[in-house]
Amino acid sequence: MSNQTLQLIAAIRERLKRTRLRMTGTSVVAGAVFTTGLVAYLWIAAVLLESVLWMPHLYRGITLAVVLVLAAWSIASKVLAPALRYFGL
């Protein structure tokens, strides 16, 4: 290959790398927005459920545990995984 071709390939690879990082960053931001919306929805649903049913402490604790587990899952899958991919891990 000629020197000019090698330079073009290097430039294309660099642009692809920057594009990949930009897309991964966008994925992290979209995941954070999704997670924020999901946690807000779950919290409002839990508060509504508690206000309507007047749950005992056990059911209130179970509801809180479910909200926390779903929030942790959302953070791990929608924010943490793309963030680790962004850093190359």
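These numbers come from a predicted model, not from an experiment. Computed over heavy atoms, backbone and side chain alike; hydrogens, waters and symmetry mates excluded.
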Is M55 reachable from L58 through a run of I, L, V, M, F, W or Y residues, each pair having side-chain heavy atoms under 4.5 Å apart?
yes
Taking atom CH2 of W73 and atom CG of L70, what is their separation to the nearest 0.5 Å?
7.5 Å
Pairwise side chain to side chain donor-acceptor pair (under 3.5 Å) hits with a residue in residues 13-27, at least two apart:
none
Salt bridge (charged side-chain N to carboxylate O under 4.0 Å, His left out) pairs, two or more places apart, involving residues 63-77
none
Return the set of residues passing salt bridge (Lys or Arg N to Asp or Glu O under 4.0 Å) with R60 (not counting sequence neighbours), or none when no residue passes.
E50
Output every pair passing side chain to side chain donor-acceptor pair (under 3.5 Å) with a member in residues 77-89, not counting sequence neighbours, ordered by first then second residue.
none
Which value, rounded to the nearest 0.5 Å, describes the distance between L80 atom CG and L89 atom CG?
10.0 Å
Check for me, please, whether V66 and L42 land in the same ILVMFWY cluster - side-chain distances under 4.5 Å, paths through other members count.
yes
Do I44 and L38 belong to the same hydrophobic cluster, where Ile, Leu, Val, Met, Phe, Trp and Tyr are linked whenever their side-chain heavy atoms lie under 4.5 Å apart, directly or via other members?
no
For V47, all residues meeting side-chain contact (heavy atoms from CB on, under 4.5 Å), sequence neighbours excluded:
W43
For L68, enumerate each residue passing the side-chain contact (heavy atoms from CB on, under 4.5 Å) test, keeping only those at least two apart in sequence or located in another chain.
L64
If I compare all heavy atoms of A83 with all of V28, which pair ends up nearest, and what's the gap?
N-CG2, 3.5 Å
Listing request: all side chain to side chain donor-acceptor pair (under 3.5 Å) pairs with a residue in residues 1-11, at least two apart in sequence or in separate chains.
S2-T5
With sequence neighbours excluded, residues passing side-chain hydrogen bond (donor to acceptor under 3.5 Å, both in side chains) with T63
none
To the nearest 0.5 Å, what is the distance between OH on Y59 and CG on L53?
11.0 Å
To check you understand the geometry: which heavy-atom pair defines the closest contact between V39 and A71, and what is its length?
CG2-CB, 3.6 Å
Tell me, please, which residues at least two apart from I75 pass side-chain contact (heavy atoms from CB on, under 4.5 Å).
T35
Could you work out, with side-chain contact (heavy atoms from CB on, under 4.5 Å) as the rule, every residue matching L48, not counting sequence neighbours?
S51, V52
Quick one: name the residues clustered hydrophobically with I12, using the 4.5 Å side-chain heavy-atom rule over I, L, V, M, F, W, Y, and just say none if it's on its own.
L16
